[in-house]
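Excluded from the calculations below are hydrogen atoms, water molecules and symmetry mates; all remaining heavy atoms, backbone and side chain alike, are included.
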Amino acid sequence: MRSLALHSPMIATQTLVTEPPSPGALAWRALLSQRKGKRGGPLPRHTLVRQEVPLAAEHIAQYAAVCGFSSAHGVPMTYPHLLGFPLQLMLMTESAFPYPVIGLVHLCNTIRQHQPLQAGERVRVEVRPRRLFHHARGQAFGIETAIIKAGAVVWESLSTYLRVGVPSPQGAPLIALPSAQDLSPDGRWDAPADTGRRYAGVSGDWNPIHVSSIGAKLFGFAHPIAHGMWTKARALAALLPAAPLTQGEVVAEFKTPLSLPGAATLWQANEATPGRAFEVRNATGDKPYLRGMLTLPQAQQENTGD
């Protein structure tokens with residue numbers, strides 16, 4: 001990985017990343033970040049940037065196959081998360097970042113898409129810390145990813161993580177989505193034992209809790225668990241119309257782990273409204289893995305066939 005630091009007295013520090021780090025290098029950085037302990041502190045004012053990043057058709061197709069999207073979806077709404085994820089890990093493993101990476105809990109993820117995306121385009125990817133949140137179990141914080149095309153933000157996300165056990169957490173309280181009422185079952189899918197490894201292969205997220213029985217047990221799980229972003233993507237593959245997305249927003253909170261192998265059921269509101277509540281639950285429907293809200297423009301909402 002080569003990078004170039006850019007400094008200005010008027011703006012926060014930026015680092016231009018010219019080559020993405022390998023998964024092995026990121027894993028080593030994650031291990032070294034454990035030396036930070038629980039020191040805490042403010043988030044650095046630092047942005048990581050990659051330029052001319054391709055929306056590669058072959059990689060998009062591989063991702064779509066793992067997550068259940070069809071070719072008619074075009075660039076899946078969740079796909080750009082993969083472009084920012086290596087930069088997120090780079091940022092959180094820097095010495096200036098106040099918390100170690102291993103043991104972080106991914107609490108929620110919000111995506112806003114502002115313009116259509118097409119395979120073959122090249123985009124600029126920016127990742128930066130956003131803010132601290134107070135959480136009952138410790139310190140939560142947000143990491144923002146922005147996808148920029150022709151100078152305009154066309155896609156953005158906020159991933160919120162939790163460091164458990166930090167005393168006196170800072171920031172405003174993290175507000176959770178309310179429990180939705182009157183949801184009805186609308187589909188079921190299996191999550192085979194290799195789901196974590198297949199998703200890791202396309203995403204680069206090789207966290208051992210998702211891909212290894214031994215790794216999962218080390219962190220208190222009886223079995224490997226599905227990536228939260230795979231669960232979110234699998235739900236959107238069922239919820240979104242079979243057409244390229246122009247605009248939309250989806251908020252997802254990760255509630256309980258989906259053990260692998262396992263099964264999941266999709267539940268959603270009965271009425272087609274601009275903001276539609278949904279949940280991914282266990283096979284019997286009495287435990288939520290994910291709680292979400294999907295908001296689409298009226299024209300695309302009418303194309304869902306509901």
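- Put simply, the side chain of His73 never gets that close to the backbone of Ala243: no donor and acceptor are under 3.5 Å apart.
- The minimum heavy-atom distance between Leu177 and Glu253, with the atom names listed, is N-OE2, 2.5 Å.
- Both Tyr79 and Leu236 belong to a single network of hydrophobic side chains, linked directly or stepwise wherever heavy atoms of I, L, V, M, F, W or Y lie under 4.5 Å apart.
- In terms of heavy atoms, Ala233 sits closest to Tyr63 at CB-OH, 3.4 Å.
- Listed here is the closest heavy atom pair of Val153 and His114: O-CD2, 3.6 Å.
- Thr110 contributes no side-chain N or O that, together with a main-chain N or O of Ser157, makes up a donor-acceptor pair within less than 3.5 Å.
- Of the inter-residue distances, the one linking Ser168 atom OG with His134 atom NE2 reads 8.0 Å to the nearest 0.5 angstrom.
- Looking at Gln118 and Leu55, their side chains never come closer than 4.5 Å, going by heavy atoms from C-beta outward.
- Judged purely by atom type and a 3.5 angstrom limit, Trp189 has no side-chain atom pairing as donor or acceptor with the backbone of Leu266.
- Linking ILVMFWY side-chain heavy atoms closer than 4.5 Å, directly or via other members, places Ile148 and Leu91 in two distinct hydrophobic clusters.
- Below 30°, between 30° and 60°, or above 60°: for His81 and His106 the angle between ring planes is below 30°, a parallel geometry.
- Within the 4.5 Å cutoff, side-chain heavy atoms of Phe141 are placed close to those of Tyr99.
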- [ ] Please test Leu290 against Lys232 for side chain to side chain contact (heavy atoms under 4.5 Å, CB included), starting from the C-alpha separation and ending with a verdict.
- [x] CA-CA 7 Å; Leu290 178 152; Lys232 180 176 183 176; 3.9 Å; yes
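- Side-chain atoms of Lys255 do not come within 3.5 Å of backbone N or O of Tyr289 as any donor-acceptor pair.
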- [ ] Evaluate the criterion side chain to side chain contact (heavy atoms under 4.5 Å, CB included) for residue pair Leu240 and Leu296; output intermediate values, then yes/no.
- [x] CA-CA 9 Å; Leu240 289 173; Leu296 298 177; 4.0 Å; yes
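- Separating the CD atom in Glu279 from the CE atom in Met293 is a distance of 10.0 Å, to the nearest 0.5 Å.
- Arg163 places no side-chain N or O within 3.5 Å of a backbone atom of Gly138 that could act as its donor or acceptor partner.
- Residues Leu294 and Phe278 have side chains in contact (heavy-atom distance under 4.5 Å, counting atoms from C-beta outward).
- No side-chain heavy atom of Val125 sits less than 4.5 Å from a side-chain heavy atom of Val17.
- Counting non-hydrogen atoms of other residues, nucleotides and ligands closer than 6.0 Å to NE2 of His59 gives a total above 12.
- The hydrophobic cluster containing Val280 does not contain Leu183, counting ILVMFWY residues as joined when their side-chain heavy atoms lie under 4.5 angstrom apart, directly or transitively.
- Both Leu239 and Val66 are assigned to one and the same hydrophobic cluster, defined by single-linkage of ILVMFWY side chains at heavy-atom distances under 4.5 Å.
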Open item on the list: Assess the residue pair Met229 and Phe254 against the criterion (side chain to side chain contact (heavy atoms under 4.5 Å, CB included)); give the C-alpha distance rounded to whole Å, side-chain angles, the decisive distance to 0.1 Å, and a yes or no.
Closed with: CA-CA 9 Å; Met229 290 302 296; Phe254 308 114; 3.9 Å; yes
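- Closest heavy-atom contact between Ala119 and Val75: N-CG2, 3.6 Å.
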TODO: Report the C-alpha separation of Leu260 and His223 in whole Å, then their side-chain angles, then the decisive distance to 0.1 Å, and conclude whether the side chain to side chain contact (heavy atoms under 4.5 Å, CB included) test is met.
DONE: CA-CA 6 Å; Leu260 301 174; His223 304 280; 5.8 Å; no
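- The distance from the OG1 atom of Thr160 to the CG atom of Leu107 is 7.0 Å, given to the nearest 0.5 Å.
- Between Gly84 and Val127, the shortest heavy-atom contact is O-CG2, 3.7 Å.
- In this structure, OG on Ser159 lies 7.5 Å from CD1 on Ile111, to the nearest 0.5 angstrom.
- Under the side-chain hydrogen bond (donor to acceptor under 3.5 Å, both in side chains) criterion, the residue pairs touching residues 136-146 are Gln88-Thr145, Arg128-Glu144, Arg130-Glu144, with sequence neighbours excluded.
- Of the possible polar contacts, one joining the Arg35 side chain to the Leu32 backbone as a donor-acceptor pair under 3.5 Å is found.
- Leu104 is listed as a side-chain neighbour of Met92, based on a closest heavy-atom distance under 4.5 Å.
- Considering only residues two or more places apart in sequence or on other chains, Ser203 meets the side chain to side chain donor-acceptor pair (under 3.5 Å) condition with none of them.
- Between Asp205 and Trp230 there is no side-chain heavy-atom pair separated by less than 4.5 Å.
- Residues Pro261 and Asp190 form no side-chain contact, since every pair of their non-hydrogen atoms from C-beta on lies 4.5 Å or further apart.
- When atom types are taken as modelled, the side chain of Ser33 and the backbone of Val101 share a donor-acceptor pair closer than 3.5 angstrom.
- Val202 and Met77 fall within a single hydrophobic cluster, where Ile, Leu, Val, Met, Phe, Trp and Tyr are joined by side-chain heavy atoms under 4.5 Å apart, directly or via other members.
- More than 12 non-hydrogen atoms from other residues, nucleotides or ligands lie less than 6.0 angstrom from CG of Asp286.
- Across Glu126, Met90, Gln14, a single residue satisfies side chain to side chain contact (heavy atoms under 4.5 Å, CB included) together with Leu48, and that is Met90.
- Here Leu117 contributes atom CG and Ile147 contributes atom CD1; the two are 8.0 Å apart, rounded to the nearest 0.5 Å.
- Annotation: side chain of Phe133 is not in contact with side chain of Ile175 (no heavy-atom distance under 4.5 Å).
- In terms of modelled atom types and a separation under 3.5 Å, the side chain of Gln113 and the main chain of Leu245 share a donor-acceptor contact.
- The backbone N or O of Pro288 sits less than 3.5 Å from a side-chain atom of Thr256, completing a donor-acceptor pair.
- Between the side chain of Gln34 and the main chain of Ile102, a donor-acceptor pair closer than 3.5 Å is present.
- Rounding to the nearest 0.5 Å places NE2 of His227 at 7.0 Å from CZ of Phe85.
- Of all heavy-atom pairs spanning Phe97 and Pro129, the tightest one is CE1-CG, 4.4 Å.
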